[in-house]
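The structure appears below as structure tokens.
In this text, all values refer to a predicted model and were calculated from it rather than measured experimentally. Reminder, nothing fancy here: chain letters follow the sequence lines and each chain counts from 1.
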Number of protein chains: 2
Amino acid sequence: MKRDSRLSSVLHALLHMAEQDRPMTSDALAECMRTNPVVVRRTMGLLREAGFVTSERGHSGGWRIETDLSKLTLRQLHEALGEPTVFAIGNRNETPDCLVEQSVNAVLDSAFAEAEALLLERFASVTLADLAAEFTRRFKDIKLQKG
Amino acid sequence: MKRDSRLSSVLHALLHMAEQDRPMTSDALAECMRTNPVVVRRTMGLLREAGFVTSERGHSGGWRIETDLSKLTLRQLHEALGEPTVFAIGNRNETPDCLVEQSVNAVLDSAFAEAEALLLERFASVTLADLAAEFTRRFKDIKLQKG
DNA sequence: GTGCAAGTAATAAAAGAAGTTACATGAAAA
DNA sequence: TTTTCATGTAACTTCTTTTATTACTTGCAC
């Protein structure tokens, strides 16, 4: 199955943007993410609708973060992306007549709901600032390794 | 996204088989699950490889459960199906050179791993017998409602 | 007004699950 | 032993969803 990688994508993009003072163009973001500028605009557009970034056209235009990194959580980004389906596994039929299948659905749904709740809780507990810190930690580790 | 519904399918099938004394044909199972007999064979074949069911050809052949329902968990079935990918969300690139993306992956992976562990734990805690009991409960509820 | 950059619609490509067709294999019944 | 029933399996198609691409419009700055 093809997995939705937009959350991963926007995190990558936002961290790169956070390191820059100037706005970043869709082309620049697309290059560092090895994708297409139109895809970048489409995805970043959702974050703009949520108020997390702004975009400007023309010379020296591009994308800029408009939020305090320590206030922006993965969960908020997940929501901005339209809360895409979390699971690649699901019920065959969501509204079955068969009582057997209804029972199966009920039990599976409850398990999935629990796991999804935990995931979203985790998402809510991680801010962009945390991610930036994780990056800094890794960066220092690399420098140490290299001497 | 197209979700893998085989776990849901086999649970449905197994519960129906449990209610029967005679083996059930792929055609019968396909009909009650509104799918194709070949799909049934393909999926049930994986359960046969795991030793949970047997199949016989020819007259009065078909599929039969070969396991104690109270010993068979959803987790075992998930494994028999080849442990399909649980999440429809994932990293854009699993082995990035970019240190930023590595950091993003690490944080996301840890969140996903936690949620998957919880899901599998839940799967391990539910047996087919539990599901059958859930069905019985619902069946009684319906009868009560109808008077 | 020229160039740069986003906005957007429409379409194609890619991938994987499920469905379908066609035929082989084997067991039981007639 | 021939027919019928049922699984086994390969090959292919369909369906769905994400991602990529193309082509064009809008708007800002130099």
Side-chain angles (χ1 to χ4, degrees), chain A residues 1-10 12-13 17 20 22-31 33-49 53-66 78 81-94, chain B residues 1-10 12-13 17 20 22-31 33-49 53-66 78 81-94:
Chain A
M1 154 177 315
K2 192 145 212 173
R3 294 156 96 185
D4 181 339
S5 61
R6 289 176 306 160
L7 180 58
S8 160
S9 293
V10 299
H12 187 184
M17 286 161 65
Q20 306 269 331
R22 294 184 298 180
M24 283 187 79
T25 67
S26 304
D27 277 73
L29 287 170
E31 187 160 5
M33 299 166 65
R34 313 224 166 148
T35 180
N36 191 293
V38 177
V39 173
V40 171
R41 286 188 201 112
R42 208 147 49 197
T43 313
M44 295 299 286
L46 296 170
L47 302 197
R48 185 189 48 223
E49 284 173 24
V53 300
T54 56
S55 61
E56 271 179 63
R57 307 201 230 201
H59 276 277
S60 67
W63 299 90
R64 204 194 292 264
I65 297 187
E66 201 70 3
H78 175 68
L81 294 174
E83 303 196 67
T85 308
V86 168
F87 294 106
I89 301 180
N91 295 328
R92 170 170 198 82
N93 176 354
E94 288 302 341
Chain B
M1 157 177 311
K2 193 147 212 170
R3 293 156 97 184
D4 181 337
S5 60
R6 289 176 305 159
L7 181 58
S8 160
S9 292
V10 299
H12 188 183
M17 286 160 65
Q20 306 270 333
R22 294 184 298 181
M24 282 187 79
T25 67
S26 304
D27 277 72
L29 287 171
E31 186 160 6
M33 300 167 64
R34 312 220 167 152
T35 180
N36 192 293
V38 177
V39 173
V40 171
R41 283 185 203 116
R42 209 144 54 194
T43 313
M44 295 298 288
L46 296 171
L47 303 196
R48 184 188 49 223
E49 283 171 25
V53 300
T54 55
S55 60
E56 271 178 63
R57 306 202 231 200
H59 277 274
S60 69
W63 299 90
R64 205 193 291 264
I65 297 186
E66 202 69 6
H78 177 67
L81 294 174
E83 303 196 69
T85 309
V86 167
F87 294 106
I89 301 180
N91 295 328
R92 168 168 199 83
N93 176 353
E94 288 303 340

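Between A/R92 and C/dG19 there is a side-chain N or O to OP1 or OP2 distance below 4.0 Å. Phosphate contact (OP1/OP2 of D/dT19, side-chain N/O of A/T35, threshold under 4.0 Å): absent. Between A/R41 and C/dA6 there is a side-chain N or O to OP1 or OP2 distance below 4.0 Å. Phosphate proximity of D/dC5 to B/T25: absent, as no side-chain N or O sits under 4.0 Å from OP1 or OP2. Between B/S60 and C/dA28 there is no side-chain polar atom (N or O) within less than 4.0 angstrom of OP1 or OP2. Between A/S55 and the phosphate of C/dG7, there is a side-chain N or O to OP1/OP2 separation shorter than 4.0 Å.
When distances are taken from the side chain of A/R57 to each of C/dT8, C/dA27, D/dT26, the shortest belongs to D/dT26.
Computed from coordinates, the B/E31 CD to C/dT20 C1' distance equals 17 Å when rounded to whole Å. The nearest whole Å value for the distance from the CG atom in A/D27 to the C1' atom in C/dG7 is 14 Å. Atom P of nucleotide C/dG7 and atom CD of A/E49 are separated by 10 Å, given to the nearest angstrom. Atoms CG (B/L47) and C1' (D/dT7) sit 15 Å apart, rounded to a whole Å.
Rounding to the nearest 0.5 Å gives a distance of 7.5 Å between CZ of B/R92 and OG of A/S8.
Judged by closest nucleotide on DNA chain D, B/M24 is the one of A/R34 and B/M24 placed further toward the 5' end. Between A/G58 and A/V38, the residue whose closest nucleotide on DNA chain D is further toward the 5' end is A/V38. Residue-to-nucleotide proximity on DNA chain C shows that, of A/H59 and A/P37, the 5′-proximal contact is made by A/H59.
The base of D/dA20 lies close enough to the side chain of A/R42 for a donor and an acceptor atom to sit less than 3.5 Å apart.
Among the atoms of the strands shown, only primed sugar atoms or phosphate atoms (P, OP1, OP2) are found under 4.0 Å from some heavy atom of A/S5.
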